Amino acid sequence: MKTKIKRHSRTVLSVILAVCMLASCMAVGIIATSAAYVDGKSVPEAANAADIPGGGTNGSKDDGEALGAAADDEAVGATYYLLLSYNSNKPTDMTNYVSSSSATFTVTPSSFGKSSFETGRNYYVGISSGTSYTNMYSQNGSSSIGTVTGSLTANVQNYNYGEPSVRYNFAYFCITDTSVQSVTVSVSGGDNTTYSFAAANTSYTISYGSTTNGSFTTAPTSANSGSTVTVVATPSTGYAVSSVTYTPSGGSAAACTNTSGNTYTFTMPSANVTVNATFTQASYTVSANCTGCAITGLGSSYHYGDTVAFTVAPETDYALKSLTVKQGSTTITTTNTGGNAYTFTMPAGNVTITAVCANTAGTATIYFKSATAYVYVPYVSVNGGAEVKMTVDRYLTNSANSYNPKSETGSLRYAWYKAEISGLNTTSATTVKVRGQDTYMEATGSFNITDGGTIYLACDNLMEGSTLVDISSLATDLEALDFYDTPLNMIDN
């Protein structure tokens with residue numbers, strides 16, 4: 001009985017041993033199968049080849065899942081590599097790399113061994129299962145560009161290399177703004193790989209310094225490095241922009257560029273900045289345009305609000321005809337301070353004085369009617385000039401119309417006195433004074449006298465302070481103008 005048990009036991013043990021050996025062989029086969037390679041390179045220890053984008057067994061790149069699927073269903077511990085180069089478009093130059101646990105990578109200037117990105121330079125990237133270009137996906141496949149956002153452009157690149165020739169497909173990006181601090185590269189697909197890029201810019205703040213006698217604004221109020229900032233300065237009335245500067249944080253002030261008028265620009269540095277504007281009191285000029293005269297008394301420059309005084313000095317035999325003072329198209333009010341002297345208040349702008357003087361060497365005939373018993377010999381002067389003795393042109397006599405040329409008593413005799421006057425101011429009213437033989441007997445008046453014209457004057461009693469009256473239009477027959485004791489009757493008749 002024991003012998004049978006022993007025989008039976010030996011048989012059971014043999015079967016168990018055989019089963020164990022078979023299980024051991026199967027385990028070895030499984031392990032061997034799990035020791036996968038991608039393009040001749042072993043995959044990360046914790047990752048199955050089927051979980052690596054484009055990965056496969058025995059050097060095959062396309063036995064595993066597609067890259068997009070791998071990004072969505074990553075194997076625990078899987079690592080992806082983005083090979084980098086900025087020297088050339090050859091995959092053999094991609095000696096730098098960044099790694100990620102997904103098919104999305106963050107690339108910074110330091111990833112390329114640089115302190116900052118450069119505009120106008122191509123930065124090359126290629127997805128790989130390892131740190132060597134020989135592990136790069138899309139070999140003999142294709143690359144394409146997906147979405148591109150931010151301050152950069154992107155395109156695809158390929159390169160044939162090796163024997164037999166292998167076509168390596170990858171991509172590159174080029175930034176357009178130096179404020180780009182990082183670029184996110186997202187990859188999908190397997191043999192046909194799509195690269196998407198997103199640039200991240202750093203925005204810096206713009207602060208305003210304090211200022212007086214004006215103000216300024218910037219657009220924008222914050223900016224990325226390398227972008228253009230516009231500053232518009234607005235001076236207070238009577239002031240002008242002196243300077244517009246920007247100061248980077250920790251740096252020195254730099255002048256903004258004047259583009260036109262009070263508009264300035266500067267390029268935003270990679271730092272916060274403070275903008276300042278200074279204003280100074282503006283100086284303005286007064287220029288003169290003269291015809292037949294000169295302008296005297298003007299200074300070289302003035303400030304807003306100053307009182308400007310000047311005098312128009314006509315040439316000989318000339319008199320002021322018109323005067324305008326303008327700032328641009330705006331007429332400035334002037335104040336006459338006597339004669340041809342004027343003042344005005346300086347506006348915030350250059351001023352032009354335009355004075356026109358005309359020749360006043362005109363001539364006219366002046367008649368004056370008075371009683372000879374009181375006047376005896378009258379004298380006439382114009383504009384305060386020299387007196388000219390008047391002579392009797394004709395006496396008034398009886399006529400067929402029975403007008404009485406004498407007073408009721410017959411003691412007064414009336415006559416027209418005449419004088420030829422030259423040097424008249426024919427451009428404006430002329431002041432005429434008639435004085436009797438006795439100096440207290442005088443009368444004045446202001447009249448518009450044309451060159452070569454004739455004017456008939458009379459007054460109500462030729463006494464000091466009397467007023468001359470132009471009676472030229474009262475009648476065509478001046479001798480028929482009757483009067484008795486005083487010229488008043490003659491005027492009112």
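Atom set for the values below is all heavy atoms of this structure, side chains included, hydrogens, waters and symmetry mates excluded. Nothing fancy with the numbering, it's 1 onward along the sequence. Given the structure is predicted, the values throughout are model-derived calculations rather than measurements.
Listed for the Thr211 side chain is a donor-acceptor partner under 3.5 Å among the backbone atoms of Ala277. The closest donor-acceptor contact from the side chain of Ser196 to the backbone of Thr147 lies under 3.5 Å. The backbone N or O of Thr245 lies less than 3.5 Å from no partner atom in the side chain of Asn276, so there is not a single donor-acceptor pair. Distance alone, capped at 3.5 Å, is enough to place a donor-acceptor pair between the Ser143 side chain and the Asn169 backbone. Side chain of Ser85 to main chain of Tyr124: no donor-acceptor pair is present (N/O by atom type, distance under 3.5 Å, no hydrogens or angles). Under the 3.5 Å distance criterion, the side-chain polar atoms of Asn272 are matched with a main-chain donor or acceptor of Thr205. Distance alone, capped at 3.5 Å, places no donor-acceptor pair between the Gln327 side chain and the Met346 backbone. With hydrogens and angles disregarded, no donor-acceptor distance shorter than 3.5 Å links the side chain of Asn158 to the backbone of Phe170. Not one N or O on the side chain of Asn340 forms a donor-acceptor pair closer than 3.5 Å with the backbone of Thr311.
Under the side-chain contact (heavy atoms from CB on, under 4.5 Å) rule, Phe105 has a single partner from Val98, Val125, Leu84, which is Val98.
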Under the side chain to side chain donor-acceptor pair (under 3.5 Å) rule, what do Asn213 and Ser236 come out as? Steps first, then yes or no, please.
CA-CA 5 Å; Asn213 302 316; Ser236 299; 5.3 Å; no

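Counting only heavy atoms from C-beta outward, the side chains of Val180 and Leu152 never approach each other to under 4.5 Å. Between Ile206 and Met268 the shortest side-chain heavy-atom distance falls below 4.5 Å. In this structure the side chain of Thr352 never reaches within 4.5 angstrom of the side chain of Lys326, judged on heavy atoms. A heavy-atom distance below 4.5 Å is found between the side chains of Phe112 and Val107. Between Tyr80 and Val187 the shortest side-chain heavy-atom distance does not fall below 4.5 Å. Counting heavy atoms from C-beta on, the side chains of Arg121 and Cys174 never come closer than 4.5 Å. For the pair Val166/Asn140, a side-chain contact is recorded, criterion being any heavy-atom separation below 4.5 Å from C-beta on.
Closest of all the heavy-atom pairs between Cys357 and Gly292 is CB-O, 3.3 Å. Closest non-hydrogen pair, Phe344 versus Val286, comes out as CZ-CG2, 4.2 Å. What you find for Cys256 and Phe266 is that their closest heavy atoms are SG-CD2, 3.7 Å. Taking both residues in full, the closest heavy atoms of Ser203 and Ser222 are given as OG-OG, 3.6 Å, listed atom of the first, atom of the second, then distance. Here the closest non-hydrogen pair linking Thr230 and Thr265 is OG1-CG2, 3.9 Å. The heavy-atom pair separating Pro91 from Tyr133 by the smallest distance is O-CB, 3.4 Å.
Counting heavy atoms of neighbouring residues, nucleotides and ligands inside a 6.0 Å radius, atom OH of Tyr304 does not exceed 12 of them. For Tyr97, the OH atom sits in a loose shell: 12 or fewer heavy atoms of surrounding residues, nucleotides or ligands are nearer than 6.0 Å.
One side chain, Ser138 or Thr193, offers a donor N or O that lies under 3.5 Å from an acceptor on the other. At a cut-off of 3.5 Å, with distance as the only test, a side-chain donor of Ser142 or Asn192 sits close to an acceptor on the other residue. Between the side chains of Thr194 and Ser144, at least one donor N or O sits under 3.5 Å from an acceptor N or O. A side-chain donor-acceptor contact under 3.5 Å links Thr278 and Ser243.
Ring centroid separation for the pair Tyr123 and Phe117 comes in under the 6.0 Å cut-off.
Using cut-offs of 30° and 60° for the angle between ring planes, the Phe197 and Phe173 rings count as tilted. Between Tyr161 and Tyr168, the two ring planes are tilted [angle within 30° to 60°].
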